[in-house]
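Below is one structure, written out as structure tokens; comments come after it.
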Number of protein chains: 2
Amino acid sequence: MGKKVTEALQKLKHHGYKYTDKREDMLEFFGNYDGYRTASDVQEFMKERYDGISFDTIYRNLHLFHDLGILEATELNGEKHFRMKCDTSKHHHHLICKECGKTREIELCPMEYIEKELKGFRIDDHKFEIYGVCYDCQST
Amino acid sequence: MGKKVTEALQKLKHHGYKYTDKREDMLEFFGNYDGYRTASDVQEFMKERYDGISFDTIYRNLHLFHDLGILEATELNGEKHFRMKCDTSKHHHHLICKECGKTREIELCPMEYIEKELKGFRIDDHKFEIYGVCYDCQST
DNA sequence: ACAATAAACCGTAATTATTCTTATTTACAA
DNA sequence: TTGTAAATAAGAATAATTACGGTTTATTGT
């Protein structure tokens with residue numbers, strides 16, 4: 001079991017949530033992929049090993065993991081996408097491949113350069129994402 | 001009738017699309033608001049003057065306007081948002097108020113500063129948006 | 001180990017935003 | 001003014017997501 005998965009399970013326990021096989025498998029699914037996946041990607045993966053798994057289980061756990069800061073989320077093509085949260089110590093943004101959902105980190109954060117333009121506006125959130133096709137997906 | 005609306009109607013005609021009252025009113029709706037609106041905002045506005053207007057009409061025209069470059073679009077809270085296209089001569093991004101959808105332009109485009117990080121990645125699109133609450137909406 | 005209990009889960013129905021379909025109406029050109 | 005393609009209405013269909021009532025399961029205290 002990967003380090004991130006172990007940490008995530010500890011975080012669950014620490015917040016009083018229960019350990020279940022389904023949660024472990026969902027976390028493994030994300031832990032083994034450096035990119036964004038949709039709810040239906042998760043569902044496809046999960047229904048191979050749990051016949052008849054409910055939508056509710058997928059979505060409930062995705063939200064739970066997101067609320068606990070285990071996953072990060074973005075919205076793309078009208079669908080929510082999730083991935084394991086990157087190293088939280090440095091704020092960053094992503095290049096996102098539209099084929100495979102894999103990401104590459106961008107160090108630069110444009111927010112640092114535009115404070116002066118934001119007068120009077122209360123900032124709650126910001127998004128800087130670049131969409132395209134990664135090297136691997138270009139050759140297929 | 002605003003200048004942008006007139007231009008948009010000319011663009012429609014130029015591409016062989018027909019002039020209709022509904023299209024004019026939809027364009028007026030966007031022309032009078034410097035911010036993003038959803039399909040249901042449009043629908044609410046339109047059904048006051050056209051009882052029984054169809055969803056299809058709203059969505060079909062939104063897509064048409066977008067395809068012709070009359071409107072620009074973004075996605076927010078699982079819902080598509082549209083606004084009159086800003087002056088196309090200078091590339092820019094937006095501060096978006098989550099209460100009223102109004103926007104303020106940001107001149108800086110972070111893409112200029114990160115070419116070196118993009119090696120091997122084919123860029124199709126990018127998004128730089130800041131979400132929050134504008135000055136007017138903070139005081140209500 | 002065993003029972004109590006709160007959380008997790010299933011099956012399915014409901015919602016929400018959006019798209020599609022078919023028949024009818026309308027704008028506009030000949 | 002009439003023919004025709006485009007636009008529309010009405011409502012069904014779809015896709016992603018959320019909600020709900022009943023059942024099962026993980027965990028905690030005995």
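Letters A, B, ... are given to chains in the order of the sequence lines, protein chains preceding strands, and every chain is numbered from 1.
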Original post:
Looking across every strand, which nucleic acid part, if any, lies under 4.0 Å from Arg60(B) by heavy atom: base, sugar-phosphate, or nothing?
Top reply: base

Per the atom types in the model, does the base of [N] pair as donor or acceptor with the side chain of [X] at under 3.5 Å?
X        : N       : result
Asp56(A) : dC10(C) : yes
Ser54(B) : dA10(D) : yes
Lys80(B) : dA17(C) : no

Of the nucleotides [options], which has the atom closest to the [X] side chain?
X        : options                   : result
Tyr19(B) : dA8(C), dC28(C), dT19(C)  : dC28(C)
Glu79(B) : dA17(C), dC10(C), dA8(C)  : dA17(C)
Lys18(B) : dA27(C), dA8(C), dT12(C)  : dA27(C)
Thr57(A) : dC10(C), dA9(D), dA6(C)   : dC10(C)
Ile53(A) : dT27(D), dC10(C), dA27(C) : dC10(C)
Tyr59(A) : dC10(C), dA16(D), dA27(C) : dA16(D)
Thr20(A) : dC10(C), dA26(D), dT18(C) : dA26(D)

Original post:
Less than 6.0 Å separating the ring centroids of His93(B) and His126(A)?
Top reply: no

Original post:
When you match Asp51(B) and Arg23(B) each to their closest nucleotide on DNA chain D, which lands nearer the 5' end?
Top reply: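 Nearest-nucleotide comparison on DNA chain D picks Arg23(B).
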
[N] [atom2] sits how many Å from [X] [atom1], rounded?
X        : N       : atom1 : atom2 : value
His15(A) : dA26(D) : NE2   : C1'   : 19 Å
Asn61(B) : dT26(C) : CG    : C1'   : 14 Å
Phe55(A) : dT15(C) : CZ    : C1'   : 14 Å
Arg37(A) : dA16(D) : CZ    : P     : 15 Å
Ile58(B) : dA10(D) : CD1   : P     : 13 Å
Lys47(A) : dC9(C)  : NZ    : C1'   : 18 Å
His14(A) : dT27(D) : NE2   : P     : 16 Å
Lys22(B) : dT25(C) : NZ    : C1'   : 10 Å

Subject >> Check ion pair Glu105(B)-Lys90(B) (N to O, under 4.0 angstrom) >> reply: yes

Original post:
Should Lys102(B) and Asp136(B) count as an ion pair when the cut-off is N to O under 4.0 Å?
Top reply: no

Subject >> Identified side-chain hydrogen bond (donor to acceptor under 3.5 Å, both in side chains) counterpart of Thr74(A) within the set Lys127(A), His81(A), Lys80(A) >> reply: Lys127(A)

**OP:** Quick one: sort the His94(B) and His92(B) rings into parallel, tilted or perpendicular, breaks at 30° and 60°.
**Re:**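 Taking His92(B) first and then His94(B), their aromatic rings stand perpendicular (interplane angle over 60°).
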
Original post:
Between dT19(C) and His63(B), is there an OP1 or OP2 to side-chain N/O distance shorter than 4.0 Å?
Top reply: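 Result: yes.
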
**OP:** Indicate whether OP1 or OP2 belonging to dT16(C) is found under 4.0 Å from a side-chain N or O atom of Asn77(B).
**Re:**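 Asn77(B) to dT16(C) OP1/OP2: no side-chain N or O under 4.0 Å.
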
**OP:** Please tell me which of Gly78(B) and Asp21(B) maps to the more 5' nucleotide of DNA chain C, matching each residue to the nucleotide holding its nearest heavy atom.
**Re:**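 On the 5' side of the pair lies Gly78(B).
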
**OP:** Have a look at Arg60(A) and tell me which of Ile58(A), Leu62(A), Leu64(A), Asp56(A) forms a side chain to side chain contact (heavy atoms under 4.5 Å, CB included) with it.
**Re:**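 Filter result, single survivor: Asp56(A).
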
